[in-house]
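Excluded from the calculations below are hydrogen atoms, water molecules and symmetry mates; all remaining heavy atoms, backbone and side chain alike, are included. We number each residue from 1, following the sequence as shown.
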Amino acid sequence: MVEEQVPRSSEEPRHCPACGSRVAAMATTCLMCGADLTEEESTAEEKEEPQARRELPGWARALIVVALALLILSAVSFGLYTLMTAEPKPKDVPPTSTSTSRPPASTPT
């Protein structure tokens, strides 16, 4: 019987920062203690590329939301205003033939 040996990766195994148990390379939570392992990965990424992604402060987000809401509200109100003040178009009515009724012919007496 021939035994096959699986080559081991050159990376060091990951360990949970909370309990110290070994975890899988792609794990997001520790199976032993349930600790979140994604924070560890994000700090490693931040060390590699500092200031790669910057988030807007809360007041800037609020300002953008308010500006978009005002823009949508003004567009809707302008549309309603133009619909309400528009002159109605006359309908194309085909000309009708007018028949005039004649009084009955009087017979001479």
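- Pairs passing the salt bridge (charged side-chain N to carboxylate O under 4.0 Å, His left out) check and including a residue from residues 62-74, sequence neighbours excluded, do not occur.
- Leu70 belongs to a hydrophobic cluster whose other members, connected by ILVMFWY side-chain contacts under 4.5 Å either directly or through intermediates, are Val66.
- At a threshold of 4.5 Å between non-hydrogen side-chain atoms, the residues Thr28 and Thr38 count as touching.
- Sorted by first and then second residue, the salt bridge (charged side-chain N to carboxylate O under 4.0 Å, His left out) pairs involving residues 68-82 (not counting sequence neighbours) form an empty list.
- Screening residues 65-75 for salt bridge (charged side-chain N to carboxylate O under 4.0 Å, His left out) gives no qualifying pairs among residues at least two apart or on separate chains.
- Partners of Ala69 under the side-chain contact (heavy atoms from CB on, under 4.5 Å) rule, at least two apart in sequence or in another chain, do not exist in this structure.
- Listed by first and then second residue, the salt bridge (charged side-chain N to carboxylate O under 4.0 Å, His left out) pairs that reach into residues 66-78 come to none, sequence neighbours excluded.
- For residues 68-82, there are no side chain to side chain donor-acceptor pair (under 3.5 Å) pairs, not counting sequence neighbours.
- The backbone N or O of Ala25 sits less than 3.5 Å from a side-chain atom of Arg14, completing a donor-acceptor pair.
- Cluster note: Phe78 groups with no other residue, as no ILVMFWY side-chain heavy atom lies under 4.5 Å from it.
- Listed by first and then second residue, the side chain to side chain donor-acceptor pair (under 3.5 Å) pairs involving residues 58-68 are Glu55-Arg61 (not counting sequence neighbours).
- The side-chain contact (heavy atoms from CB on, under 4.5 Å) check on Ile64 picks up Leu56, Leu68, with sequence neighbours excluded.
- Legend: residues meeting side-chain contact (heavy atoms from CB on, under 4.5 Å) with Ser21, ordered by chain and number and at least two apart, are Cys16, Cys19, Cys30, Met32.
- By the 4.5 Å heavy-atom criterion applied to side chains, Leu37 and Thr29 are not counted as neighbours.
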